[in-house]
Amino acid sequence: MKSAVAATVTTALPAQPQHGAARAKVGEEKNKEADGDDRVILHFDYDCFYASVIENAHPALRTRPLGVRQKSILATCNYVARTRGVRKLMPVAQARAACPDLVVVCGEDLAPFRDASRRLWAFLRGAVAGARTERLGLDEVFLDVTAAVVYNRALLNPNALRDSFFHLSAEDPERGFTFDATRFAGCVHPPPDGQGEQHAGAGAAVLDDPVRVRLMLASHLAGYLRRRLEEDFGYTSSGGISTNKVLAKLVGSVNKPRNQTTLLPVQGENTIQEFLDAHQIREIPGIGSRTSSIIADHLFPPGKAVRAGHQEPEQQTPSGITVRDVLRYPDMSPALLSRILDRPGAERGGGKKIWNLLHGRDASEVKEAGVAPTQISVEDTYMARPLNTLPEALRELSVLATSLVRRMRADLTTAAEELTDPSSAGSAGLPLGTQQKRRWLAYPKTLRLSTCAHPGKSGSVSSTSNPSFSRISRSQPLPSFALDLGRPCAEVAERLVREALLPLFRRLHVGRAAGWNLALLNVCVANMVPVAGDGSSGSGGGAGGRDISRMFRTQGERLREWSAWDDDATTTTTTTTTMMSSPSLSPPRDRNDLFDGKAEGGAVANGGSEEKNDVEDAGSASAETELWAVDDGDSDSDVGWEDEDGDSVAQQRCAACGHVVPTFAMSAHERFHAMGD
DNA sequence: TGGGGTCCT
DNA sequence: AGGACCC
């Protein structure tokens, strides 16, 4: 995978912004069969997120075993509970049996979790200039921090690595943190002490490897961000640092609660493939249960004898087939994999994609999520008492519809900041001072209703292989009255039921007036169309409108914001070489060394258990387009880096502008002035 | 055995 | 409209 002399960083960029699609294509080609070592990706996973949200609202629960329930299972539980034998996704009854004093909290309403997730996400989005952030579910975030890391690598001072300063913005030299560039923050994946290692620690010959230096920098960035998440927001997290999304995410789970892991290449060894080889294929993100079982069935046809080569039953995740098993299979190849997975409806590049994942290659980009979701759905299940009559169904539909309308208003509108004159505001019939004008950021074009019949009640199917019985759905255009902000949610919802959802329901269940045995109802709006004049919403569903402004915020533009050259031929090589010879690129002292003095959990406490203080703090603080290029073609490391000895954060005042700047930021700061033209 | 999401066909 | 994937 990794070649010793990669030197591929994409800082040299065309002068003009590129069209998003064009840029993506270039990216694909570049990553096609190449290393894909040219990015730096962070993955954060908030530890037992739902439980943490509850704990932050009720700090007294922090020390008690806590489970968060949805219907009859625990969506998650805190680590105290896990100590007592409680597991994620465990039935509530079983959990109580294992831990009688378990505190169980209902988590069926996702609003508090959604709010907390958005607050953390807003912080991360604004934290690193030029980074892209992508949310996965409510509790995971990817960041592409390539630009910031490349920039900071160019600024490393080989004479004072221990007192390095990481710039979070090229625009504001004071924004950042100090760190020790002679070591990684947190854990690294093949552990330096590892028995097999004959390299001296994590060190020696390796630091002339630019990938490794970037990962070292990224580990400190990840450590800093996680510390902020914990200290400022009360959420601990696990982090993974690597060169693409799948590896970052995978390696993040190596040291799970409240820690982080950097996956580093080791020269002359294929440590990344070894890391992957040991995983069950089902554990690789992107390889789901369907693909897993198809592969398993092909490699070891169900009729035949059990695998001989495997000594242990290994009662872990399903199938037991590892990445190594697949790759070592006779004549295994992308083509064979494609044939195995080929079936009607299969994804086109599917085989090749899986093949790449099995090798740790993942060219997918970190996608900046729009402020508006592309879909909003509300659902409820009725396992215990399936719906069979129209009055029941209508009652539930109206509950769901009310909640849907409320969510549309919460997630798809924003405060209207138009400079409306007081008289026109008053004419809307609301008190002047308290008027909450909202306007749509994006509006859905489609309304969809889905149902699902009860698996066991009337029909067949009890198979474990059946992942919840399949849904059926019907959709229609969303009536425009659904967008009327002047009426109460419940009123809009009732009309929605009568005029849209009921007809959809009849289309779903033609010919039967009752007795459907419905175990699930789902109401969904989709196909969001951004409102013209606002650049912040989801992907255009139809021909409606494309979000032009977002298409220009491509990776190229982000990199240009930082734009320090990463040419290994220049002074940076000196930097890294010198770095190597520095006393120790020591192994992490300890697995939990990141937050030294701190005793136990966040302590943010969040004051009283104030119920809701919500509403849109999410919008602000995103990384602005700070378009200025630090051209650091030369001059770098020697000039301006005297033998500064000051232990902690030495500062200087800039003669040009009077800003107080950390000494290690001074060089960058001066270039800032030089740039100004 | 939940209550959500995304993308592709 | 459905299926695959993710949490």
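Letters A, B, ... mirror the listed sequences (proteins, then strands); counts begin at 1.
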Checklist line | Parallel, tilted or perpendicular: rings of A/H509 and A/W516 (30°, 60°) | finding: tilted
Item checked: Integer-rounded Å distance: B/dG3 P and A/L136 CG -> 20 Å
Next item on the list: Would you kindly give the CZ-to-P distance between A/R118 and B/dG5, to the nearest whole Å?
Entry: 10 Å
Check: Under a 4.5 Å cut-off applied to non-hydrogen side-chain atoms, are A/H189 and A/T262 in contact?
Finding: no
Note to self: Please tell me if A/K249 has a side-chain N or O lying less than 4.0 Å from either OP1 or OP2 of C/dC7.
What the structure shows: yes
Notebook entry, point to check: In Å and rounded to the nearest 0.5 Å, what is the CZ to CG distance from A/R506 to A/L449?
Noted result: 12.5 Å
Check: Between atom CD in A/E108 and atom P in B/dT1, what is the gap in whole Å?
Finding: 14 Å
Check: Quick one: which of C/dA4, C/dC6, B/dG2 gets closest to the side chain of A/T381?
Finding: B/dG2
Notebook entry, point to check: Please give, in whole Å, the distance from B/dG5 P to A/L138 CG?
Noted result: 8 Å
Check: Heavy atoms under 4.0 Å, any strand shown: does A/R448 hit a base, just sugar-phosphate, or nothing?
Finding: nothing
Check: Counting side-chain heavy atoms from C-beta on, which of C/dC7, B/dG2, C/dA4 comes nearest to A/K71?
Finding: B/dG2
Check: Phosphate oxygens OP1/OP2 of B/dG3: is one of them under 4.0 Å from a side-chain N or O of A/R471?
Finding: no
Checklist line | Nucleotide nearest A/T374 when distance is taken to its side chain, options C/dC7, B/dT6, B/dG3 | finding: B/dT6
Check: A/E140 near the nucleic acid: base, sugar-phosphate alone, or nothing, with a heavy-atom cut-off under 4.0 Å?
Finding: sugar-phosphate
Note to self: On the nucleotide B/dG5, are OP1 or OP2 found under 4.0 Å from the side-chain N or O atoms that A/S377 carries?
What the structure shows: yes
Next item on the list: Give the rounded distance in Å between these two atoms: CH2 of A/W121 and C1' of C/dC7.
Entry: 16 Å
Next item on the list: Would you kindly compare A/G349 and A/Y50 by the position of their nearest DNA chain B nucleotide and give the one closer to the 5′ end?
Entry: A/Y50
Notebook entry, point to check: Parallel, tilted or perpendicular: which describes the rings of A/H279 and A/F275, with under 30° parallel and over 60° perpendicular?
Noted result: perpendicular
Check: If you check every side-chain atom of A/S72, which of B/dG2, B/dG3, B/dT9 has the closest atom?
Finding: B/dG2
Note to self: Please classify the nucleic acid contact of A/Q375 as base, sugar-phosphate, or nothing, using heavy-atom distances under 4.0 Å.
What the structure shows: base
Notebook entry, point to check: Are A/R474 and A/T451 linked by a side-chain donor-acceptor pair shorter than 3.5 Å?
Noted result: no
Next item on the list: Name the nucleic acid region contacted by A/K88, choosing base, sugar-phosphate or nothing; use a 4.0 angstrom heavy-atom cut-off, strictly under.
Entry: nothing
Next item on the list: For the side chain of A/S289, starting at C-beta, report the closest nucleotide among C/dC6, C/dC5, C/dA1.
Entry: C/dC5
Next item on the list: Just compare B/dG5, C/dC6, B/dG4 and give me whichever is closest to any side-chain atom of A/E379.
Entry: B/dG4
Check: Any side-chain N or O of A/R343 less than 4.0 Å from the OP1 or OP2 oxygen of C/dA4?
Finding: yes
Item checked: Nearest-nucleotide pick for A/I73, side chain only, options being C/dC7, B/dG5, B/dG2 -> B/dG2
Checklist line | N or O in side chain of A/R348 less than 4.0 angstrom from B/dT9 OP1/OP2 | finding: yes
Next item on the list: Indicate, with a heavy-atom threshold strictly under 4.0 Å, whether A/R474 touches base, sugar-phosphate, or nothing.
Entry: sugar-phosphate
Margin query: By the 4.0 Å heavy-atom rule, please label A/L110 as base, sugar-phosphate, or nothing.
Written below: sugar-phosphate
Notebook entry, point to check: Looking at A/L138, A/T236, A/V53, A/D139, which one forms a side chain to side chain contact (heavy atoms under 4.5 Å, CB included) with A/Y46?
Noted result: A/D139
Notebook entry, point to check: Can a side chain N or O of A/S475 be found less than 4.0 Å away from OP1 or OP2 on C/dA1?
Noted result: yes
Item checked: Among C/dC6, C/dC5, B/dC7, the one nearest A/R282 by side-chain distance -> C/dC6
Margin query: Mind checking if A/R114 touches a base, just sugar-phosphate, or nothing, with heavy atoms under 4.0 Å?
Written below: sugar-phosphate
Item checked: Integer-rounded Å distance: B/dT6 P and A/K245 NZ -> 13 Å
Next item on the list: Find the distance A/R290:CZ to B/dC8:C1' and express it as a whole number of Å.
Entry: 16 Å
Margin query: Using a heavy-atom cut-off of 4.0 Å across all strands, would you classify A/P285 as base, sugar-phosphate, or nothing?
Written below: sugar-phosphate
Next item on the list: Counting heavy atoms from C-beta on, name the nucleotide in B/dG5, C/dC7, B/dG2 closest to the side chain of A/D139.
Entry: C/dC7
Notebook entry, point to check: Rounded to whole angstrom units, what separation is found between the CG atom of A/L520 and the P atom of B/dG4?
Noted result: 10 Å
Checklist line | Value rounded to 0.5 Å, distance of CZ in A/F44 from CG in A/L120 | finding: 11.5 Å
